[in-house]
Trainee: 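One structure coming up, written as structure tokens, with questions to follow.
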Amino acid sequence: MSAILPPAERVWWKEPLDRVELLWIVIALVWCLIMFFMMPYWHVYGQQNLANEAYKTSPEAFAKKADEVIAKYKVREEGPQKIPVVKPPAGSDVYLVARLWSWQPILELEAGKSYRIHLMSMDWLHGFSLQPENINIEVHPGYDHVLTVTPTAPGKFSIICNEYCGINHHTMISPLYVVK
Ligand code: CUA
């Protein structure tokens with residue numbers, strides 16, 4: 001039977017299943033289940049998927065908290081735009097503000113210490129992509145997205161916006177420092 005012509009039997013859905021058809025349905029179902037259970041499995045044993053939390057909040061409330069952290073833990077400024085570099089104490093809450101087209105502040109974290117990084121957008125959808133690590137998070141306006149992270153090695157990392165957010169999307173890059 002061709003897919004172009006109408007079926008010989010008009011009420012085709014009442015036809016008995018062919019064995020090959022059934023086999024494919026079973027294969028597809030089993031594969032779906034494997035993929036489904038890989039998600040929790042990978043989370044627990046793969047040490048790869050992040051454990052995230054998200055809370056509803058307003059841009060004003062989030063910006064206020066971010067400003068408080070910047071005022072408290074700023075160590076220097078960088079670049080022509082004088083973006084503050086913040087070195088928060090281990091275990092503390094750190095706020096990273098995404099907006100058209102920048103990340104603020106620049107974070108300086110210590111290797112081997114844990115931090116709670118809060119992400120939020122002030123305007124549109126942005127993407128938090130940590131390079132060269134495999135970490136990708138959507139950054140939404142109105143949601144405080146919390147990642148608990150422990151940087152393992154010192155170095156200079158890059159935060160890149162990976163959701164297209166307009167004409168200067170490609171410039172939405174920020175360093176992230178991990179020191180010893
Ligand atoms: Cu922000 Cu693309």
Side-chain angles (χ1 to χ4, degrees), residues 35 38-40 42-43 46-179:
M35 298 295 275
M38 275 302 281
M39 288 192 283
W42 211 240
H43 178 74
Q47 295 188 332
Q48 210 171 49
N49 292 358
L50 296 163
N52 302 328
E53 302 154 53
Y55 305 95
K56 243 186 164 162
T57 182
S58 69
E60 294 75 26
F62 190 89
K64 192 167 165 268
K65 284 184 190 166
D67 287 343
E68 282 168 14
V69 171
I70 292 170
K72 238 176 166 175
Y73 303 117
K74 187 170 98 171
V75 286
R76 60 179 186 276
E77 287 171 340
E78 261 187 28
Q81 292 152 295
K82 293 198 188 306
I83 296 181
V85 180
V86 162
K87 192 176 178 186
S92 67
D93 287 273
V94 186
Y95 294 83
L96 187 57
V97 176
R99 58 159 61 88
L100 300 169
W101 287 278
S102 70
W103 301 96
Q104 279 214 50
I106 294 169
L107 303 178
E108 192 170 294
L109 310 176
E110 262 182 74
K113 304 281 168 64
S114 293
Y115 300 87
R116 281 168 59 80
I117 300 180
H118 297 249
L119 301 169
M120 186 164 139
S121 162
M122 296 292 118
D123 34 51
W124 313 119
L125 177 66
H126 297 285
F128 173 96
S129 172
L130 188 67
Q131 302 292 331
E133 300 300 314
N134 184 18
I135 294 178
N136 270 298
I137 305 287
E138 277 189 348
V139 185
H140 294 261
Y143 285 93
D144 178 352
H145 205 115
V146 192
L147 321 173
T148 304
V149 298
T150 311
T152 49
K156 185 182 175 185
F157 298 82
S158 292
I159 299 165
I160 289 173
C161 180
N162 66 355
E163 294 283 351
Y164 182 71
C165 57
I167 193 84
N168 280 331
H169 160 70
H170 62 286
T171 65
M172 198 167 159
I173 299 171
S174 170
L176 183 149
Y177 302 106
V178 177
V179 294

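When a ligand or atom number is given, it counts from 1 through the structure's own listing order.
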Trainee: For Arg116, is there an ion pair with Asp93 - N to carboxylate O distance below 4.0 angstrom?
Mentor: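 A salt bridge is present here (some side-chain N lies under 4.0 Å from a carboxylate O).
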Trainee: Pull up every protein N/O/S atom sitting under 2.8 Å from atom 2 (Cu) of ligand 1, skipping waters.
Mentor: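 Only Cys161 SG, Glu163 O, Cys165 SG, His169 ND1 fall inside 2.8 Å of atom 2 (Cu) of ligand 1.
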Trainee: Test Leu147 against every option in Leu119, Val94, Leu130, Leu96 by the side-chain contact (heavy atoms from CB on, under 4.5 Å) rule and name the one that passes.
Mentor: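 In the set Leu119, Val94, Leu130, Leu96, the residue that makes a side-chain contact (heavy atoms from CB on, under 4.5 Å) with Leu147 is Leu119.
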Trainee: Under the criterion salt bridge (charged side-chain N to carboxylate O under 4.0 Å, His left out), which of Arg76, Lys156, Lys113 is the partner of Glu108?
Mentor: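 Exactly one candidate clears the test, Arg76.
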Trainee: Is Glu60 salt-bridged to Lys64, going by a charged N under 4.0 Å from an acidic O?
Mentor: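 Looking at Lys64 together with Glu60, the answer is no, because their closest N to O distance does not fall below 4.0 Å.
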Trainee: Tell me whether Trp101 contacts the main-chain N or O of Cys165 through its side chain, where contact means a donor paired with an acceptor under 3.5 Å.
Mentor: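 Side chain of Trp101 to backbone of Cys165, a donor-acceptor pair under 3.5 Å: yes, one is there.
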Trainee: Let's go through Tyr95 and Phe62 carefully: what are the C-alpha distance in whole Å and the side-chain angles of both, what is the deciding distance for ring-ring contact (aromatic ring centres under 6.0 Å, His included) to 0.1 Å, and is it a yes or a no?
Mentor: CA-CA 8 Å; Tyr95 294 83; Phe62 190 89; 5.3 Å; yes
